[in-house]
Engineer: 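Below: one structure in structure tokens.
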Amino acid sequence: MKCTAFIPIVALSSFPLVFGAEYLVGVGKDETTGKKGLGFDPSVIHPAVGDTIVWEFRSGQHSVVESTFDNPCVGKTNGINTGVQTVSDSLSVDAPGLPRYTVTVNSTDPQWFFDEAGGLCNQGAVLAVNPPTTGQTAAAFVENAKKSLASTPTSSSSSSPGNQNATDTVSSSATETASAAASATNAAGHLGQTGGLLLGALSFLLLGMF
């Protein structure tokens with residue numbers, strides 16, 4: 001007598017593919033008012049490995065440069081540097097098509113950044129990524145910045161809308177552009193659907209064998 005057994009096989013397509021979160025940070029945007037202004041909005045973020053940080057530049061000249069906790073307004077050797085981004089003053093604070101620079105996070109170690117081209121580091125135009133809650137805190141980083149001398153921009157110039165899809169990786173590892181990431185997402189979706197169909201067919205065959 002043929003015995004029909006129930007074999008629970010779930011198609012891959014029923015499990016959504018999980019991608020890292022995106023942290024959008026406005027450069028030259030006041031985080032308290034949401035308008036054009038000093039520093040970063042937000043000025044403190046806590047991304048995980050695999051997440052992305054997207055810096056979006058507002059009116060004026062701005063550049064995001066990696067520094068250190070002890071020297072907030074001095075660029076770190078071989079650190080991340082977005083280059084100077086120049087955006088027209090006529091554009092609204094959240095206008096579409098603003099220049100962007102994306103980095104992918106591959107470590108949760110604290111990292112420190114400042115707006116070099118904006119020339120306002122010593123007024124607190126800094127960004128803390130994964131700062132600890134004691135010792136080298138985000139607040140202490142801001143205080144260090146306010147004690148620093150104003151820095152002279154050394155970043156290479158890039159005007160709007162150029163460099164909109166520029167990419168980098170925190171800790172200087174290679175990463176793909178946003179468009180390539182989108183293609184990978186689509187490809188992964190097709191792969192999930194194909195895998196689901198194959199598993200469905202396999203389930204049908206296995207059921208017929210018992």
Side-chain angles (χ1 to χ4, degrees), residues 18-67 75-76 78-108 111-121 124-131 138 151 153-188:
V18 178
F19 296 93
E22 178 183 284
Y23 287 78
L24 181 63
V25 179
V27 186
K29 182 178 181 181
D30 191 319
E31 67 178 339
T32 60
T33 65
K35 299 179 180 180
K36 299 176 187 178
L38 171 75
F40 298 83
D41 177 31
S43 62
V44 182
I45 56 175
H46 293 86
V49 172
D51 292 345
T52 56
I53 304 171
V54 180
W55 287 302
E56 189 172 63
F57 298 86
R58 270 43 182 197
S59 295
Q61 288 192 327
H62 302 282
S63 63
V64 180
V65 177
E66 186 175 3
S67 62
K76 178 181 178 180
N78 297 323
I80 291 173
N81 187 328
T82 66
V84 178
Q85 305 290 323
T86 303
V87 181
S88 172
D89 289 334
S90 64
L91 294 177
S92 63
V93 65
D94 290 321
L98 292 171
R100 288 185 170 193
Y101 193 101
T102 301
V103 298
T104 299
V105 178
N106 63 9
S107 171
T108 56
Q111 288 185 282
W112 318 97
F113 299 89
F114 70 106
D115 182 0
E116 184 179 58
L120 300 175
C121 177
V126 293
L127 167 68
V129 177
N130 288 321
S151 60
T154 57
S155 309
S156 59
S157 177
S158 178
S159 60
S160 174
N163 215 22
Q164 288 184 345
N165 293 320
T167 62
D168 206 333
T169 301
V170 172
S171 297
S172 301
S173 297
T175 187
E176 298 179 351
T177 61
S179 58
S183 298
T185 300
N186 292 333

Engineer: First locate atom CG of Asp51, then atom CG of Asn106, and finally report the distance between them rounded to the nearest 0.5 Å.
Structural biologist: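 The CG atom of Asp51 sits 11.5 Å away from the CG atom of Asn106.
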Engineer: Do Ile53 and Val105 have side chains that get closer than 4.5 Å, going by heavy atoms?
Structural biologist: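 Yes, side chains in contact.
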Engineer: Please determine whether side chain to side chain contact (heavy atoms under 4.5 Å, CB included) holds for the pair Ser43 and Val126, giving the CA-CA distance in whole Å, both sets of side-chain angles, and the decisive distance to 0.1 Å.
Structural biologist: CA-CA 7 Å; Ser43 62; Val126 293; over 6 Å; no
Engineer: Could you list the residues that satisfy side chain to side chain donor-acceptor pair (under 3.5 Å) with Thr52, not counting sequence neighbours?
Structural biologist: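 Side chain to side chain donor-acceptor pair (under 3.5 Å) check on Thr52 returns nothing, list empty.
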Engineer: Could you tell me the separation between the CG atom of Leu127 and the CZ atom of Phe114, rounded to the nearest 0.5 Å?
Structural biologist: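 Taking CG in Leu127 and CZ in Phe114, the distance rounds to 12.0 Å.
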Engineer: Tell me the side chain to side chain donor-acceptor pair (under 3.5 Å) pairs involving residues 20-30, sequence neighbours left out?
Structural biologist: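 The answer is Lys29-Asp94, Asp30-Thr32.
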Engineer: If you measure from CZ on Phe40 to CD1 on Ile45, what distance do you get to the nearest 0.5 Å?
Structural biologist: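 Going from the CZ atom of Phe40 to the CD1 atom of Ile45 covers 10.0 Å.
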Engineer: Would you find a donor on one side and an acceptor on the other, under 3.5 Å apart, between the side chain of Arg100 and the backbone of Leu98?
Structural biologist: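 No.
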Engineer: My understanding is that only residues two or more places apart in sequence, or in another chain, count here; which of them pass side chain to side chain contact (heavy atoms under 4.5 Å, CB included) with Lys76?
Structural biologist: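 Lys76 satisfies side chain to side chain contact (heavy atoms under 4.5 Å, CB included) with Glu66, Thr68 once adjacent residues are dropped.
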Engineer: Check whether any side-chain heavy atom of Ile80 sits under 4.5 Å from a side-chain heavy atom of Trp55, and report yes or no.
Structural biologist: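 Yes; the side chains approach each other to less than 4.5 Å.
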Engineer: How about Cys121 and Asp115: do any of their side-chain heavy atoms sit closer than 4.5 Å?
Structural biologist: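 Side-chain contact under 4.5 Å: no.
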Engineer: Using 0.5 Å steps for rounding, measure from the CD atom of Gln85 to the OG atom of Ser59.
Structural biologist: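 Going from CD on Gln85 over to OG on Ser59, the span is 13.0 Å.
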Engineer: Can you name the nearest heavy-atom pair linking Ala128 to Ala138, along with the distance?
Structural biologist: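 Looks like CB-CB, 3.9 Å.
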Engineer: Taking the side chain as every heavy atom from C-beta outward, state whether Lys36 and Ser92 have any pair of such atoms under 4.5 Å apart.
Structural biologist: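 The answer is no, as the side chains (C-beta and beyond) never meet within the 4.5 Å cut-off.
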Engineer: Between atom OG1 of Thr102 and atom CD of Glu56, what is the distance when rounded to the nearest 0.5 Å?
Structural biologist: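 Thr102 OG1 to Glu56 CD: 10.0 Å, rounded to 0.5 Å.
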Engineer: First locate atom CZ of Phe57, then atom OG1 of Thr86, and finally report the distance between them rounded to the nearest 0.5 Å.
Structural biologist: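 Answer for the CZ-OG1 pair, Phe57 versus Thr86, is 10.5 Å.
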